[in-house]
Amino acid sequence: MRKFHDLIEGYYRFRGNEWIEERESWSKLAEGQEPKVMVIACSDSRVDPATIFGTVPGEVFVVRNVANLVPPFDPSGGLHGVSAALEFAVTVLKVDEILVLGHGQCGGVKASLSGALRDAKPGEGGFVAEWIKLLDEAREKVIAEHGDGPEGQTALEREGVKVSIKNLKTFPFVKERLEDGSLTLHGAVFAIKDGKLNVLQEDGHYEAA
């Protein structure tokens, strides 16, 4: 597995090869960015949107967090990293589309499903436990229908994407652009094991891409 030293070695290779070959593109990117798509993905090291979708720098605006979750709109104050990124993408960059990208074998979803971190203290899983409470309602539905085994895990990974999309619609600036047709929301789940991408359809079911 790579450590920081290996990352620096990788930077040297990049700076001496790819950067030089794409110097003109990097010069343009230095002037600003105009991505058309925002991707909300999980922090999981196995799920890199750029790798999965074959994008290059400047093409997608990405925010990653545990279990690719979006909290509901909350104007009461506090530190809201996902909301800040969303606000910037929609109101400043004016992206045309937002994709919520879930994935298989998600640790955050597993923790929600099992309830293993429910009473954990900050620094011992408590921060994660508080964050994944966003899945509580979906969790109860999934357990009632699928149990808390592998089938439930898959179901909650898919329901989690729907939760984030539902919460996206609570943001006034998102709702406004949805209503005027200038913004579209998408959902998908990437299966690490077989590389398949299942895309959320308008009727709520998932279909292989």
- May I ask you to decide whether Glu124 forms a salt bridge with Lys121, counting only side-chain N to carboxylate O separations under 4.0 Å? no
- Task: Would you name the heavy atoms of Asp44 and Gln105 that are closest together and state the gap between them?
- Result: OD2-O, 4.3 Å
- Query: Do Ile40 and Leu69 come within less than 4.5 Å of each other through their side chains, counting heavy atoms only?
  - Reply: no
- Task: Identify whether Ile132 and Val47 are in the same connected component of the hydrophobic contact network (ILVMFWY, side-chain heavy atoms under 4.5 Å).
- Result: no
- Item | Donor-acceptor contact below 3.5 Å, side chain Tyr206 vs main chain Arg158 | yes
- Message: Is any side-chain heavy atom of Ile98 closer than 4.5 Å to one of Met38?
- Response: yes
- Over all atoms of both residues, closest heavy-atom pair of Leu117 and Ala111: CD1-CB, 3.9 Å
- Any side-chain heavy-atom pair from Val39 and Val63 closer than 4.5 angstrom? no
- Task: Would you kindly confirm whether Val199 and Ile52 end up in one hydrophobic cluster when ILVMFWY residues are joined by side chain heavy atoms under 4.5 Å apart?
- Result: yes
- Atom CZ in Arg2, atom CG in Leu7: separation rounded to 0.5 Å? 7.0 Å
- What are the two closest heavy atoms between Ser112 and Leu135, and how far apart are they? OG-CB, 3.6 Å
- Partner set under ring pair (Phe, Tyr, Trp, His ring centres under 6.0 Å) for Phe53, not counting sequence neighbours: none
- Message: Hydrophobic cluster membership, with links at side-chain heavy-atom distances under 4.5 Å among I/L/V/M/F/W/Y: are Val62 and Val92 in one?
- Response: no
- Message: Test your reading of the model: is there a side-chain donor-acceptor pair from Ser164 to the backbone of Val100, 3.5 Å cut-off?
- Response: no
- Evaluate the side-chain proximity of Ile165 to Lys162: yes if any heavy-atom separation is below 4.5 Å, no if none is. no
- Query: Is Glu34 atom CD crowded by more than 12 heavy atoms from other residues, nucleotides or ligands, each under 6.0 Å away?
  - Reply: no
- Message: Between Asn68 and Leu101, is there a side-chain heavy-atom distance shorter than 4.5 Å?
- Response: no
- Any chance CD of Glu140 has more than 12 other-residue heavy atoms, nucleotides or ligands included, within less than 6.0 Å? yes
- Message: Between Lys28 and Ser25 (side chain of the first, backbone of the second, donor and acceptor by atom type, cut-off under 3.5 Å), is there such a pair?
- Response: no
- Item | Distance in Å, Glu157 CD paired with Leu113 CG, rounded so as to fall on 0.5 Å steps | 9.0 Å
- Shortest non-hydrogen pair, Pro49 vs Ala41, comes out as CG-CB, 3.7 Å
- Closest contact, heavy atoms only, Cys106 versus Cys42: SG-SG, 4.2 Å
- Starting at CG of Leu183, measure out to NZ of Lys94 and round the result to the nearest 0.5 Å. 11.0 Å
- Query: Can you tell me how far OG1 of Thr154 sits from NE2 of His146, rounded to the nearest 0.5 angstrom?
  - Reply: 9.5 Å
- Query: Looking at Val60, Thr55, Leu93, which one forms a side chain to side chain contact (heavy atoms under 4.5 Å, CB included) with Pro35?
  - Reply: Leu93
- Message: Can you see whether Trp26 has Arg23 sitting over its ring - NZ or CZ less than 6.0 Å from the centre and within 45° of the normal?
- Response: no
- Message: Side chains of Val70 and Phe171, heavy atoms from C-beta outward: is any pair under 4.5 Å?
- Response: yes
- Task: Could you please spell out the steps behind the side chain to side chain contact (heavy atoms under 4.5 Å, CB included) verdict for Asp96 and Lys36?
- Result: CA-CA 5 Å; Asp96 297 329; Lys36 299 301 180 185; 3.5 Å; yes
- Is the number of heavy atoms from other residues, nucleotides or ligands under 6.0 Å of Glu176 CD greater than 12? no
- Message: Are Leu185 and Leu178 packed together at the side-chain level, in the sense that at least one heavy-atom pair is separated by less than 4.5 angstrom?
- Response: yes
- Query: If you round to the nearest 0.5 Å, how far is CG of Leu200 from CD of Glu202?
  - Reply: 9.5 Å
- Message: Hydrophobic cluster membership, with links at side-chain heavy-atom distances under 4.5 Å among I/L/V/M/F/W/Y: are Val37 and Leu29 in one?
- Response: no
- Query: Do Asn17 side-chain atoms and Phe14 backbone N/O form a donor-acceptor pair below 3.5 Å?
  - Reply: no
- Message: Looking at Gln33, I'd like to know if its CD atom is crowded, meaning that more than 12 non-hydrogen atoms belonging to other residues, nucleotides or ligands lie closer than 6.0 Å.
- Response: yes
- Can Lys133 and Glu130 be counted as an ion pair, charged N to O under 4.0 angstrom? yes
- Message: Is the ring pair Phe88/Phe61 parallel, tilted or perpendicular, if the boundaries are 30 and 60 degrees?
- Response: tilted
- So which pairs with a foot in residues 182-197 pass side chain to side chain donor-acceptor pair (under 3.5 Å), sequence neighbours left out? Glu97-His186, Arg177-Ser182, Asp180-Ser182
- Query: Distance from Asn198 atom CG to His103 atom NE2, nearest 0.5 Å?
  - Reply: 14.5 Å
- Look at the side chain of Ser83 and the backbone N and O of His80, then say whether any donor-acceptor pair between them is shorter than 3.5 Å. no
- Scanning both residues in full, the closest heavy-atom pair of Val142 with Ala155 reads CG1-CB, 3.9 Å
- Item | Shared hydrophobic cluster for Leu168 and Val82 (ILVMFWY, side-chain gaps under 4.5 Å) | yes
- Side-chain heavy atoms of Glu207 within contact of His205, under 4.5 Å: yes
